[in-house]
Amino acid sequence: MKQVDVHTKFGDLTVTEDGGAVIRLSWGRSECADRSDVLDTAVAQLRAYDAGTLEEFDLPLEVRGSQLQRDVCAAMSDIPYGQTVTYGDIAKALGVPAQAIGQACGGNPIPIIIPCHRVMGAKGLTGFSGAGGVETKVALLRHEGGFLI
């Protein structure tokens, strides 16, 4: 596995690649500076997203997890920039309970790129598993113009 760090206004992020695909994005620094086409592209796209010039990531991704985890990540990937859906919307589309969707969102291994921050509870804002919790979720949504308090 290869890793690289990138600084954004949403925090320091580490991108992990394995087998030619991004498999993880996490908050914090790995102090690694590996190079590959995939990592270089991921860093460039994250910087462009951070600058407000990229709305859709185009990276090879591999979600490692259960079929439900992969299905939920695919559904989240389809949420357009600046828009939100509810756990219930995804649950209805996949035919599973909303609680299972919430757990899968919380287990998203590639946040920001797979936009779990665009998923809300039926009554509005809910938690976020990234560093900074709900504040980071709000910052990401505000960045996209999809959520204003």
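If you're wondering where the values come from, they're calculated on a predicted model, not measured in any experiment.
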- Message: For Tyr87, give me all partners under ring-ring contact (aromatic ring centres under 6.0 Å, His included), at least two apart in sequence or on another chain.
- Response: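 Residues passing ring-ring contact (aromatic ring centres under 6.0 Å, His included) with Tyr87: none at all.
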
Considering all heavy atoms, the nearest [X]-[Y] contact:
| X | Y | value |
| --- | --- | --- |
| Val119 | Ile79 | CG2-CD1, 3.8 Å |
| Leu141 | Arg118 | CD2-CA, 4.1 Å |
| Val38 | Gly20 | CG2-O, 3.4 Å |
| Thr84 | Met120 | CB-CG, 3.8 Å |
| Tyr49 | Leu140 | OH-CD2, 3.7 Å |
| Pro111 | Trp27 | CG-CZ3, 3.6 Å |

Could you tell me whether a side-chain N or O of [X] sits under 3.5 Å from a main-chain N or O of [Y], the two making a donor and an acceptor?
| X | Y | result |
| --- | --- | --- |
| Thr14 | Ser30 | yes |
| Gln69 | Ala104 | yes |
| Arg70 | Gly65 | yes |
| His117 | Thr136 | no |
| Thr16 | Ile23 | no |
| Asp50 | Lys9 | yes |
| Glu56 | Tyr81 | no |
| Asp5 | Glu31 | yes |
| Asp71 | Leu68 | no |

Spacing of [X] atom [atom1] and [Y] atom [atom2] [to the nearest 0.5 Å]:
| X | Y | atom1 | atom2 | value |
| --- | --- | --- | --- | --- |
| Glu17 | Glu62 | CD | CD | 10.5 Å |
| Ile113 | Leu61 | CD1 | CG | 6.5 Å |
| Glu144 | Glu55 | CD | CD | 8.0 Å |
| Arg47 | Leu13 | CZ | CG | 11.0 Å |
| Ile112 | Ser26 | CD1 | OG | 10.5 Å |
| Leu59 | Leu46 | CG | CG | 7.5 Å |

Could you tell me whether the side chain of [Y] reaches within less than 4.5 Å of the side chain of [X], counting heavy atoms only?
| X | Y | result |
| --- | --- | --- |
| Ile110 | Leu25 | yes |
| Met76 | Cys105 | yes |
| Asp40 | Val43 | no |

